[in-house]
2 protein chains.
Amino acid sequence: MQHTELKVGELARRTGLSIRALHHYDEIGLLEPSAHTASGHRLYTAADIARLHHILSLKQLGFSLEEIAGTLGRADFSALRVVELRLQRAREQLAEQRQLCERLDAIARQLRAAEPVSADDFLQTIEAMTMFEKHYTPEQLKELEARRQALGEDAIKEVEAEWPRLIARMREEMEKGTDPAIEPVRALATRWRELIRAFTGGNPGIEKSLQTMSQQEPQMAWRQGRDPRLMEYVGRAMACLDASK
Amino acid sequence: MQHTELKVGELARRTGLSIRALHHYDEIGLLEPSAHTASGHRLYTAADIARLHHILSLKQLGFSLEEIAGTLGRADFSALRVVELRLQRAREQLAEQRQLCERLDAIARQLRAAEPVSADDFLQTIEAMTMFEKHYTPEQLKELEARRQALGEDAIKEVEAEWPRLIARMREEMEKGTDPAIEPVRALATRWRELIRAFTGGNPGIEKSLQTMSQQEPQMAWRQGRDPRLMEYVGRAMACLDASK
DNA sequence: GTACAACCTCACGTCGCGTGAGGTGCAAGG
DNA sequence: CCTTGCACCTCACGCGACGTGAGGTTGTAC
């Protein structure tokens, strides 16, 4: 009679589990050692160890301890169905994880491209991306990404830098009460439209999404000064452009 | 003075969060409303709402509430570094998730291929795959997978079916005490070697891994009758083959 | 006898809330 | 004035898979 039964420490060492984990499995009834010494020390038999191996196998597949207990409990389950359900769940999680990586990567690229990164810029960048994901379809996002690639970082930066200047000049005219139909404003409105085109690429779906987004998220930081009053002024200037065309 | 401050319910409705979540953020000091009514009802100001948007943005990137609190706490952090660290973590998790999917998919394919799936077969299949992942390098696993693809499911099933028969016949000779150098055994040993070759493809690295695995995991179920005594007999038969070649 | 490792049993902490239980504030209808 | 009903409030436990002590017992060697 060799002492083939193991105590917790030994079993923990051999399986790489912690002693506490084995205690836990005992507590929840997942793996109760079939023997104890007189003083209460746990003794794991060969059968227990085999069961533990099964448990660890199922754990590797991402099943919860409860699911494992259920599966090992009765032997009449459909293995294939169980695995396929688990696989489906895993695939969904994989997709989410992939999306998260893409989000983070996009942010990281943005941050690397724009050198002045105050905490505020950072948060605004993220908020903008969140909004984008909310209001554009994945295809539209891909198209936008493609356009950015094609234009190159420098061109994008130039456009980004032009916006505040354009907004400031437009506001100036509005404050002066200039008629949006006449000249300095006509040129500004034309340029305004061009900058939007540079972003949307003339894609009507993207333009529409941009509109709904700017209507539904009026507090968005990317407006940087495009308040409703100014937007209304710009809208009138645009209308005049169209009318006289 | 418009009542621009929101109560919890309203804010919850607008953000899609639960009331309890907002309470929680208050509890842990992540988002404490800057005002309360006389009766203690929470009043969220525009600034609070802006902060909440920042919180949700960071949450979307997978940061924990504690990390978010820390990030929003002081404004002097390196945004890029934070994001890159998070990205690294996310990539690791993505790799793990991908591996899990592959494991599950492999199991599912196995189960679909072999029609009789008792619970025991199921667990043995998983255990075998776990062992494989432990003892073979990823490249070796890829090569094995490629070989399976090339051979086709049917051929594999035939080989799998032949093993028990071969083992039984070999054991028969051993029980009879047949000299492993003479005929019926020579043929069996030759076939034995062929079946192993069919699996390893003659790759020496894979053969070596197979050896170390069969030595270190003697309790493995895939041995299905290949006990040490039999293995020793087979070893002698192989040696005789080599000697007379 | 005594040191020391290995074992034991509580029991609380983790993370992001869900889910009640039990009470209060406030406006409208009977 | 009283009730109804809704939105709000504050506890406080629960989940999942253990980690991490605290404080006590057992087993073995010197």
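Within every chain, numbering begins at 1; the chains are lettered A, B, ... in the order of the sequence lines, protein sequences first and strands thereafter.
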Looking only at side-chain atoms of [X], point me to the closest of [options].
X: A/R20; options: C/dG16, D/dG19, D/dC13; result: D/dG19
X: A/Y25; options: C/dC17, D/dC18, D/dC8; result: D/dC18
X: B/L65; options: C/dC17, D/dC8, C/dC7; result: C/dC17

Side chains of A/V83 and B/I126: does their closest heavy-atom pair fall under 4.5 Å?
no
Closest to the 5' end of DNA chain D, once B/E27 and A/L22 are matched to their nearest nucleotides, is B/E27
Going by an N to O cut-off under 4.0 Å, is there a salt bridge joining [X] and [Y]?
X: B/E96; Y: B/R91; result: no
X: B/R89; Y: B/E67; result: yes
X: A/E10; Y: A/R42; result: no

What is the distance from [atom1] of [X] to [atom2] of [N], rounded to the nearest Å?
X: B/L17; N: C/dG16; atom1: CG; atom2: C1'; value: 12 Å
X: B/L11; N: D/dC8; atom1: CG; atom2: C1'; value: 14 Å
X: A/I55; N: D/dA17; atom1: CD1; atom2: P; value: 12 Å
X: B/K59; N: C/dC15; atom1: NZ; atom2: P; value: 14 Å
X: B/D26; N: C/dG16; atom1: CG; atom2: P; value: 16 Å
X: A/H24; N: C/dA11; atom1: NE2; atom2: P; value: 17 Å
X: B/I19; N: C/dC17; atom1: CD1; atom2: C1'; value: 14 Å
X: A/L43; N: D/dG27; atom1: CG; atom2: P; value: 11 Å

So, OP1 or OP2 of C/dC8: does either fall under 4.0 Å of a side-chain N or O from A/H23?
yes
B/K7 side-chain N/O to C/dG25 phosphate OP1/OP2 under 4.0 Å:
no
Among residues 35-42 of chain B, which ones have heavy-atom contacts with DNA chain D below 4.0 Å?
B/G40, B/H41, B/R42
Does a donor on one side chain sit under 3.5 Å from an acceptor on the other, for B/Q140 and B/N203?
no
Flag for A/Q97-B/Q97: side-chain donor and acceptor within less than 3.5 Å:
no
Once you round to the nearest 0.5 Å, how far does OG1 of B/T4 lie from CD1 of B/I49?
6.5 Å
